[in-house]
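Just follow the structure's listing: the first ligand is 1, and inside any ligand the first atom is 1. Since we're looking at a predicted model, the values are computed, not measured.
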Amino acid sequence: MRIVTDPMSLRETLSDGLTVGFVPTMGYLHEGHLSLVEAAKRENDRVVMSIFVNPTQFGPNEDLDRYPRDFERDEQLAREAGVDVLFYPDTATMYPLDMARVTVRTGADVLCGASRPGHFDGVLTVVSKLFNLVRPTRAYFGLKDAQQVALIEGYVRDYFVPVEIIRCPIIREDSGLAKSSRNVYLSETERIDASDINRALIEARDALTEGVAITSVQERLVERLSAIPNSTIDYVELVDYPTLSHVTDSSTELLIAVAVQFERARLIDNTIWKRG
Ligand code: PAF
């Protein structure tokens, strides 16, 4: 595995015309990330992973400074997983002038976008830079961040970016808790309690299949999540997927998405329900 920190060396390393599967990350790797590498390995000649904790996607009162980082551990996990090139730039490299950024026009006013203003502008800005640097054939994103996936797909269409976006399934612990770098902030008890989030989402999906009205499904979900001790609900929303707009009678896919705040960790999770 080659570790590359600057754009020139990256370009040189990737100049041989092989197909590239790209896995962008902010590090502190877990099985979710490694499953993206596995998918990328199956479908491409070479796998590039980036590790960059992107400051522009964190709000002023968010956890940028204490976002978990462990490059040595990440490097070893990436190597073992079969990553060919690990791109590990610093902030000055990624934002040489910071003169221009990407702005999201629709789809950022719901779910995480509503609670984290500017977050998705930061995500699309860095993803755009990374795509220009890596020029991947395919890029792999986990559906745990379903809103992120939808907005990246929208960006790629709007800017005619020559990359195929591959949606990958959420990876869960045996308890059902979605894998996340932020799970390290949970206490043992919170970790057990948090596994209720997945159960509540499954119940909501089943209720939609049984024909329960969307407002009732949402109410039940709120009730269910409110019962999780020592946590508060940030949002519980059902939106059309991947447009992220209001659900209508013609919506064929619904995203049921939640965010729950524990003492030191804000967890997001979701499930996609497909009509009949
Ligand atoms: O999903 C993430 O880890 C980040 O949002 C991404 C896509 C690497 C951009 O910083």
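For a threshold of 3.5 Å applied to N or O pairs, the pair formed by Gln148 and ligand 1 contains at least one separation below that value. For ligand 1, the polar-atom distance check against Thr25 finds no nitrogen or oxygen pair separated by under 3.5 Å.
Interatomic distance, Leu225 CG to Asp196 CG, rounded to the nearest 0.5 Å: 8.0 Å.
Set against the non-hydrogen atoms of Val126, the atoms of ligand 1 under 4.0 Å away are 9 (C), 10 (O).
Judged purely by distance below 3.5 Å, without hydrogens or angles, the side chains of Tyr67 and Glu62 never pair a donor atom with an acceptor atom.
Side-chain atoms of Gln261 do not come within 3.5 Å of backbone N or O of Ser231 as any donor-acceptor pair.
A salt bridge links Glu75 with Arg79; the closest basic N to acidic carboxylate O contact falls under 4.0 Å. With respect to the salt-bridge test (charged N to carboxylate O, under 4.0 angstrom), the residues Asp84 and Arg2 do not qualify.
Among Ser180, Gly142, Pro24, the residue whose heavy atom lies closest to atom 8 (C) of ligand 1 is Pro24.
At the top of the distance list for atom 9 (C) of ligand 1, counting protein heavy atoms only, stands Gln57 OE1, 3.3 Å.
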